[in-house]
Each structure stands twice: as C-alpha cells, then as structure tokens.
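Only heavy atoms go into these numbers, but all of them, side chains included; no hydrogens, no water, no symmetry mates. Since the structure is predicted, the reported quantities are computational estimates derived from the model, not experimental observations. Both ligands and their constituent atoms are indexed starting at 1 by order of listing.
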Amino acid sequence: MKAQIMDGKKIAASIRTKIKNQITKITKKGMRPPALSTILLGNDAASHIYIKNKILACEEVGIQSHSFLLPKNTTQKKLLKLIHELNHRSDIDGILVQLPLPSSIQSQCIIESIDPKKDVDGFHPYNLGRLAQFHPLFRPCTPYGVMELLQALPIDLPGKHAVVIGDSNIVGKPMMLELLMKRCTVTLCHRATKNLKNIVKEADILVSAIGKRGIIQSAWISKNTVVIDVGINRIKNKVYGDIDFQNAQKRASWITPVPGGVGPMTVAMLLKNTLVAFQKKYTRG
Ligand code: GUN
C-alpha cells in the first residue's frame, strides 16, 4: 500500500482561515491588527523567498508586516539597535530575524536580544527553556507545524518511537522536545551518530531535518513509519526533501511531500504565534 500524503498546504490553509477570522473580529472591535517585524540581512536568494512568503501570508490574514531589508555589511551594533527599538515599540507584536545571518554577526547574541514576549520564532533561550519544561510560550514554528500535522493523523503519539535526524536549534532540538512533550520516546541523531540505518529502522515516526538530499535511504524505512521530511534542497531551481519521496511512499504509512508538506505549516505557525503575541499583550497583560 502506498503511504497517504499529509497535505501541509491544506492544513495550513485552514489554520490561516481561522487566524484571518480572529483578526477580522479584532479589527471590527476597532483595535489595530497584530503586527510582525521581519528583518533580513544580505542577498541570500532562499532567505528572500522565505521572507517574501511570510510577508504575503501576513497580508492574506490581515497581520501588518514591517519589513527591514538591510545590507549584508550591517554591523551587529546597528542590528541590535534596531531590535532594541522594535522591542520597545507598542505597535509591534512580533520580531523575526531571518537566519542564517552573515558570519560577521553573532546569531546567538541577536536571538537573545529579542524580547521573549515578541520572539514569535521561539528561538530565544527563554522560549526554548519553557518548551523544555513543557510550559511553552512561543514554540519554534517548524516543529510546531510538524506537531499540527501529526495531530491531524489517526494515531496516538504516547509511547511511539520518534527518530529525529538533525540537532539544529531551529528544528531538531525543539522537535525532540515537542515529541517528548507528547510522550514519544525520542532518539535525536546528529553528525556523530553511529548506525543511523539501524536507528531509522526502529522509527515509528521519522523526522528528517538535515537539508541533504538522499541522507536517508528509503530502504531503511520500516513498513508503516510516519515520515516527515523537513529538508529543503534546491537543485537546479527544483526543491527536494532529504528523502526520496517516490520510494519512501511505498513503505511509509503517512508521508509529507516537499514542497507542500512542512513548509506551509511553518508559515502558518508563525502567523499563529504573532496573533498569540498580540492577544497576550491586550487580553492578558
Ligand atoms: N531560517 C530557516 N528557518 C527559519 C525560521 O523558521 N525562522 C527564521 N527566523 N529563520 C529561519
């Protein structure tokens, strides 16, 4: 049997519709809409596409976006000054600094400079710490989106063996925490992991977040595994995941396509986090 497809586009569209309706209610009351500031440094083509998609999604649901496109040689001091201003602006609810940043800038310092209450990416140590304690405030958008996909499936998560490939702060580590919060038994694999093949074979749920096409061989995937492909590999203007979709589909029970799987969910969860940042400010202080 062929795996069923987890349609991230469709689920993300329904989340966006709900957000749009909530924002319409807010503005009908005479309040300003939620507002997101996006900051992008440099000319990286992929980052420009991601930011453009985020801004378009904001427009679609009625979130105001304030976009800062800065040159690659912007100093860390200047960037910190901008973030400091945005932290103190009452008309801005969320701040997103697109990663990766140029190597002249210390990303960790920038992430820590964002007010955790405006950290709609969920990357600040405060927000990751809250997730680790299972009391999340803002959850990193990609793992959060993956959990929404998993929760739409007719499967119980507690006790499942989830294998996450990749230990980045953006996806792998928070993904591990999200799955742990749902009482999965989690194995986090990284560069130094030995016997990846044998670990992948044991997975009930497999999440690959490496960004390297073919890193997981389809033959390693056991029958009925739920396969989530977070990888994005641009090759000659085409986008591929980490996993060979056609062959993996013959083994998995459920699988995400690339594109159209996790990507749209990441954007939808960013919108949700921005709405929550707004609501927390105005309804619960
Ligand atoms: N770079 C890759 N993914 C992301 C993301 O979710 N947020 C930000 N800010 N940068 C990224």
Side-chain angles (χ1 to χ4, degrees), residues 8 12 15 36-58 63 65-70 72 74 79-80 82-83 86-87 92-103 105-116 118-128 131 136-149 164 166-178 207-212 228-234 239 241-242 256 258-259 261-274 276-277:
I15 294 171
L36 172 69
S37 267
T38 61
I39 303 173
L40 173 58
L41 265 68
N43 300 316
D44 179 68
S47 292
H48 273 266
I49 294 172
Y50 295 140
I51 284 290
K52 194 176 124 208
N53 287 341
K54 288 170 187 178
I55 292 170
L56 286 174
C58 282
I63 291 176
S65 66
H66 300 254
S67 160
F68 295 86
L69 296 175
L70 306 177
K72 192 177 172 192
T74 302
L79 181 54
L80 286 171
L82 172 60
I83 293 170
L86 296 171
N87 279 341
I92 299 288
D93 306 296
I95 302 169
L96 177 149
V97 180
Q98 187 65 25
L99 303 177
L101 285 164
S103 56
I105 290 185
Q106 290 174 301
S107 304
Q108 190 62 22
C109 176
I110 299 303
I111 288 167
E112 290 184 22
S113 75
I114 297 171
D115 179 346
K118 296 191 178 188
D119 171 36
V120 286
D121 257 329
F123 295 162
H124 191 286
Y126 173 82
N127 281 312
L128 271 183
L131 179 60
L137 175 60
F138 294 116
R139 299 156 66 178
C141 303
T142 299
Y144 190 9
V146 170
M147 294 316 287
E148 291 286 316
L149 287 177
V164 179
D167 65 347
S168 71
N169 289 336
I170 295 181
V171 183
K173 282 185 212 147
M175 189 75 253
M176 168 190 78
L177 295 170
E178 287 280 359
V207 183
S208 183
I210 294 287
K212 205 169 180 183
I228 311 264
D229 194 344
V230 184
I232 296 181
N233 305 289
R234 286 173 208 280
V239 178
D242 288 348
T256 57
V258 179
V262 177
M265 296 301 293
T266 298
V267 179
M269 302 331 283
L270 171 69
L271 304 176
K272 187 163 176 177
N273 279 348
T274 305
V276 168

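Checking only distances, L96 never comes within under 3.5 Å of ligand 1, N or O to N or O. The shortest N or O to N or O distance between T142 and ligand 1 is not below 3.5 Å. By the 3.5 Å distance cut-off applied to N or O atoms, V97 is counted among the residues near ligand 1.
For L99, heavy-atom contacts with ligand 1 shorter than 4.0 Å involve the backbone as well as the side chain.
Judged by distance alone, with hydrogens and angles left aside, the side-chain atoms of H124 form a donor-acceptor pair with the main-chain N or O of E112 at under 3.5 Å. Between the side chain of N127 and the backbone N or O of P116, at least one donor-acceptor pair lies under 3.5 Å.
Annotation: side chain of R139 is not in contact with side chain of P174 (no heavy-atom distance under 4.5 Å). No side-chain heavy atom of M175 sits under 4.5 Å from any side-chain heavy atom of V230. Using a 4.5 Å heavy-atom threshold, the side chains of V262 and L149 count as touching.
Between V97 and I83, the closest heavy-atom pair is CG2-CD1, 4.0 Å. Of all heavy-atom pairs between L36 and V120, the closest is CD1-CG2, 3.6 Å.
The K54 neighbourhood of ligand 1 comprises atoms 5 (C), 7 (N), with distances under 4.0 Å to a heavy atom of that residue.
Regarding atom 11 (C) of ligand 1, its nearest protein heavy-atom neighbour is Q98 NE2, 3.4 Å. Considering only non-hydrogen protein atoms, atom 3 (N) of ligand 1 sits nearest to I170 CG2, 4.2 Å. D121 OD1, 3.0 Å is the protein heavy atom nearest to atom 7 (N) of ligand 1.
Residue contact annotation: F123 has a non-hydrogen atom under 4.0 Å from ligand 1.
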